[in-house]
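For reference, the structure discussed in these notes is given below.
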Amino acid sequence: MKLNAMLLVLGAALSINAYAQAPIVIKFSHVVATDTPKGQAAERFKQLAEKATNGRVKVEVYPNSQLYKDKEELEALQLGAVQMLAPSLAKFGPLGVKEFEAFDLPYIFPSKTALYNVTEGEIGKGLLKKLEPKGITGLAFWDNGFKVMSANKPLHSVADFKGQKMRIQSSKVLDAQMRALGANPQVLAFSEVYQALQTGVVDGTENPPSNMYTQKMHEVQKHVTVSNHGYLGYAVIVNKKFWDGLPADIRAALDKAMKDATTFEKAIAQRDNDMALDAIKKAGKTEIYTLSVKEQAEWRKALLPVQKDMEGRIGKDLISAINKEAAK
Ligand code: LMR
């Protein structure tokens, strides 16, 4: 065989081999810090996925909005520029799946058990299915926690919210929640919240303590109220075309890795939020206030009507199904 022909065959063989060995890359983008429940679980998924596939899959985790901010990340996923995200359940409205905003309804989950009855049950499965027509496959629900309110003035009574500019996620339910308290809601990307609080573009906000502490929001907020008035959690999602196109053995290994990362994530979420609240207390820059029973009742009276007001947007049946499931 002539030398040229041999070199050609060798070259082709080498490139086929190089191509065959190139790992499948999963870009996993998110907006929070690494030392949060979601941040740690993303790293855990990376370790588990790369180990379970013997390196045939490489997971690149991009925290802190390094690659994309809130709104952009969903567009990037649909375009296939990234393969995996775990956005807050409050950010699916703009995608046209308003039902996810049910998770934002004030006081809809009396406990984490009630929440898991919904996310791990038929309701949760049904909601993830609604993402498929958008070119997205839902893999799991990840937990963060119940939210606290913060501002540079004490927020004890409903009247204290009057005229306060409060940052919210892009959810119509959260918009209605803040208006029901007499505040002015302002949607801002997560990565912009610290600066907006520091410069006074907004007066206050709401988030679980783990987000507040890891974004140093407590350094620019003099008062935190432990209200647990609402919940913040996530859906782990992938680009459907990418996921369906994976070799079956790889997809099965990734599914298992996701299940284990989800168990890990749920196990650390409450612990991390408790530790963050302690750390905020210890930092000594923020007064931490827990609502009295009487104040809790006043907040509930002001906020529970939001569930009724949002029936048209989210669906009366879904809200009552969640209330029924949560009450079990
Ligand atoms: C927020 O925007 O406040 C949160 O959704 C951020 C996050 O992903 O926890």
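Just so you know, ligand 1 is whichever comes first in the structure, and atom 1 is the first atom listed for that ligand.
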#### Entry: Atom pair CG/NZ of Leu85 and Lys38 - distance to nearest 0.5 Å
8.5 Å
### Task
Kindly indicate whether a cation-pi arrangement holds for Lys98 with Phe92, taking the cut-offs as under 6.0 Å to the six-membered ring centre and within 45° of the axis.
no
#### Entry: Distance from atom 7 (C) of ligand 1 to nearest protein heavy atom, with residue and atom
Val32 CG1, 3.3 Å
#### Entry: Closest non-hydrogen atom pair between Thr36 and Val32, with its separation
OG1-CG2, 3.3 Å
### Summary
Of all protein heavy atoms, the one nearest atom 1 (C) of ligand 1 is Phe190 CD1, 3.3 Å
### Task
Using a cut-off of 6.0 Å, state whether more than 12 heavy atoms not belonging to Phe161 lie near its atom CZ.
yes
### Task
Take every heavy atom of Val193, measure it against each atom of ligand 1, and state whether any distance is under 4.0 Å.
no
### Query
What protein heavy atom sits nearest atom 5 (O) of ligand 1, and how far off is it?
Gln169 OE1, 2.7 Å
### Message
Can you tell me which residue among Asp272, Asp35, Thr34 is in a side-chain hydrogen bond (donor to acceptor under 3.5 Å, both in side chains) with Gln40?
### Response
Asp272
### Query
Which atoms of ligand 1 are found less than 4.0 Å from any heavy atom of Ser88?
5 (O)
### Task
Please report which non-hydrogen protein atom sits nearest to atom 9 (O) of ligand 1, along with the residue it belongs to and the distance in Å to one decimal place.
Tyr234 OH, 2.5 Å
### Query
Under a heavy-atom criterion of less than 4.0 Å, does Arg167 contact ligand 1?
yes
### Task
Working to the nearest 0.5 Å, report the span between CD of Glu265 and CZ of Arg44.
11.5 Å
### Message
For atom 8 (O) of ligand 1, what's the nearest protein heavy-atom neighbour? Residue, atom name and distance, please.
### Response
Lys38 NZ, 2.8 Å
### Query
For ligand 1, does Thr36 get within less than 4.0 Å through its side chain, its backbone, both, or neither, judged by non-hydrogen atoms?
neither
### Query
Judging by distance only, is a nitrogen or oxygen of Asp70 under 3.5 angstrom from one on ligand 1?
no
### Message
Can you classify the ring geometry of Trp142 versus Phe28 as parallel (below 30°), tilted (30 to 60°) or perpendicular (above 60°)?
### Response
tilted
### Query
With atoms numbered from 1 as shown, which atoms in ligand 1 lie under 4.0 angstrom from a non-hydrogen atom of Lys91?
1 (C), 2 (O), 4 (C), 5 (O), 6 (C)
### Message
For Tyr289 together with His156, are the ring centres under 6.0 Å from each other?
### Response
yes
